[in-house]
There are 2 protein chains.
Amino acid sequence: MPKKYHHGDLKNALIQAGVEILAKEGAGGLSLRKVAQRAGVSHSAPYAHFPDKQSLIAAISTEGFTQLYTGLEAAISPYSKNPKKQLLEGVKAYVRFAEENTDTFKIMFSGVLEKEKDYPSFVEISSQTFKLVVEVIQACQNAGILPATAPADLMAVSVWGQIHGVVSLALEGQVSHTLLNKHTIQEIASFGLAQMLLT
Amino acid sequence: MPKKYHHGDLKNALIQAGVEILAKEGAGGLSLRKVAQRAGVSHSAPYAHFPDKQSLIAAISTEGFTQLYTGLEAAISPYSKNPKKQLLEGVKAYVRFAEENTDTFKIMFSGVLEKEKDYPSFVEISSQTFKLVVEVIQACQNAGILPATAPADLMAVSVWGQIHGVVSLALEGQVSHTLLNKHTIQEIASFGLAQMLLT
DNA sequence: CGAAAATCTTGACACCGTCAAGATTGTGAC
DNA sequence: GTCACAATCTTGACGGTGTCAAGATTTTCG
């Protein structure tokens, strides 16, 4: 469904334009009018597909979560017999996504999207992503790699929070320059994770 | 230095007004003109004290970090002989600050402030805060409460990242409702921390 | 006291999100 | 096939926003 009738598949073109502007100018430079211009339509054309700006941002975030989800799944699926490897590769994929799509990552988690529950597909994909994390964590618990002292969902938030926190702090420039000279974000995040592992 | 001459201590009044608007309407409702109006001055009066909006946001964030820093110090100073207690109380203070000043917390860490290194007092207080964390971590390492397998600054980023990540995910609504029904954010964060402790 | 600096107001500009009205184009019933 | 209808897009307008220039007011200080 690439080119359709009137002007093409405008809805997706707008999302794509938004992602590009986000990558080029950051969240501060993201405006509906610029998105419209980049897609080659007039300034209020987006209102045929999105009721407001928040809705476009929700779509961009949803797109980001979809990418993150598929990236995670691709990273762990080859190692269904090796939970520890799944965990390590999943973390690597998570960090890589954050580094390669910094501004999308920020918009996904930075509270720019105000009423997330109003966007069902966003809720769907983000909770599905969390479910994926829980599965890996549970497998690790069953394999004795992570402690089984708590339900998998609680443990999952802890592990995910660990990685997410380190990545977020690093992206915000809150990790000291001297530390980032000695280690990559990947290494710092992996080190934090290693603290929680049993073996 | 409460009331001065012309209109008073406008600079701080603007920061305060900004904090209030932030708490009342969130980051989306924070505009220079509203801040000015709330402080009782004309729409471009702020430009006598801040070169642009980013600079006001930097001042608000700096104020937030100052509060966070003093809160942390107040929480840990009574326990200078007990590193573990310092760590636990520090975490409690961190989570409490995030819960009581949600929007300020978000602005401090959400990348709304774009070129943080341009604001020396922001850099100063935030790095000072990190230094405080490192000190506690080092004390814990010396007391055998945290592993000494890594330098204190690396371990500090891991621990801080753990707490920060859990708090951020929770504030963004990324922690499942069912989990939040069973545990407070405090508890979830503390659980994550406990995973990293030796004793 | 008077000049210079700091502070604040007024007015303007371009940009923004949003809406209303209308033009254009695709779709489906007959 | 054609014709009404729905979807899509444009144009123009509105109030709100960040920012700047010009000027008024007030404080400071030699």
Side-chain angles (χ1 to χ4, degrees), chain A residues 1-22 24-61 103 107 110-115 118-119, chain B residues 1-22 24-61 103 107 110-115 118-119:
Chain A
M1 62 194 74
K3 288 279 180 181
K4 266 168 59 183
Y5 55 109
H6 223 161
H7 268 84
D9 188 6
L10 185 56
K11 184 167 186 174
N12 287 323
L14 291 169
I15 296 175
Q16 184 56 32
V19 171
E20 291 168 17
I21 291 177
L22 212 48
K24 197 164 300 180
E25 309 183 37
L30 184 67
S31 80
L32 268 184
R33 293 171 105 104
K34 252 188 279 190
V35 167
Q37 188 182 12
R38 174 173 270 262
V41 293
S42 80
H43 64 262
S44 65
Y47 285 88
H49 303 276
F50 303 100
D52 52 24
K53 188 185 182 183
Q54 283 286 310
S55 184
L56 207 215
I57 293 178
I60 294 175
S61 298
D103 296 274
I107 258 205
S110 289
V112 180
L113 187 53
E114 284 165 8
K115 290 184 287 184
D118 291 1
Y119 306 97
Chain B
M1 62 195 74
K3 287 278 180 181
K4 268 167 58 183
Y5 54 107
H6 223 160
H7 267 83
D9 188 4
L10 185 57
K11 184 167 186 174
N12 287 323
L14 291 170
I15 296 175
Q16 184 56 31
V19 171
E20 290 169 18
I21 291 177
L22 211 48
K24 197 164 299 178
E25 309 182 38
L30 184 67
S31 79
L32 267 184
R33 293 170 104 105
K34 254 189 276 189
V35 167
Q37 187 182 13
R38 174 173 269 261
V41 292
S42 80
H43 64 261
S44 66
Y47 284 88
H49 303 277
F50 303 100
D52 53 23
K53 188 185 182 183
Q54 282 286 309
S55 184
L56 207 215
I57 293 178
I60 294 174
S61 298
D103 296 275
I107 259 205
S110 289
V112 181
L113 186 53
E114 284 164 8
K115 290 184 287 183
D118 290 0
Y119 306 96

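Below, chain A is the first sequence line, B the second, and so on; all start at residue 1. Owing to the predicted nature of the structure, the values given are computational and were not obtained by experimental measurement.
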Please report the distance, rounded to the nearest Å, between CD1 in A/Ile21 and C1' in C/dG17. 15 Å
Can you check the B/Asp9 CG to C/dA6 C1' distance for me, whole Å? 14 Å
Starting at NZ of B/Lys11 and ending at C1' of C/dC8, how long is that distance when rounded to a whole Å? 16 Å
What is the distance from CG of A/Leu10 to C1' of D/dT10, rounded to the nearest Å? 13 Å
Taking atom C1' of C/dG17 as reference, at what distance in whole Å does atom CD of A/Glu114 sit? 13 Å
Under 4.0 Å protein heavy-atom contacts per nucleotide of nucleotides 14-22 of chain D, with B for base, S for backbone only and - for none: ---BBBBB-
How many whole angstroms separate atom CD of A/Gln37 from atom P of D/dT10? 12 Å
Just wondering, more than 12 heavy atoms not from A/Gln37 lying within 6.0 Å of its CD? no
Side-chain contact, heavy-atom cut-off 4.5 Å: A/Leu30 with A/Ile60? yes
Partners of A/Glu25 by side chain to side chain contact (heavy atoms under 4.5 Å, CB included), sequence neighbours excluded? A/Ile21, A/Lys34
Compare all side-chain heavy atoms of B/Ile57 with those of B/Tyr119 and state whether any distance is below 4.5 angstrom. no
Does any part of the side chain of A/His43, heavy atoms only, come nearer than 4.5 Å to the side chain of A/Leu32, both counted from C-beta? no
Minimal non-hydrogen separation, A/Val35 against A/Leu14, with atom names: CG1-O, 3.5 Å
For atom NE2 of A/His49 and atom P of C/dT18, their distance in whole Å: 16 Å
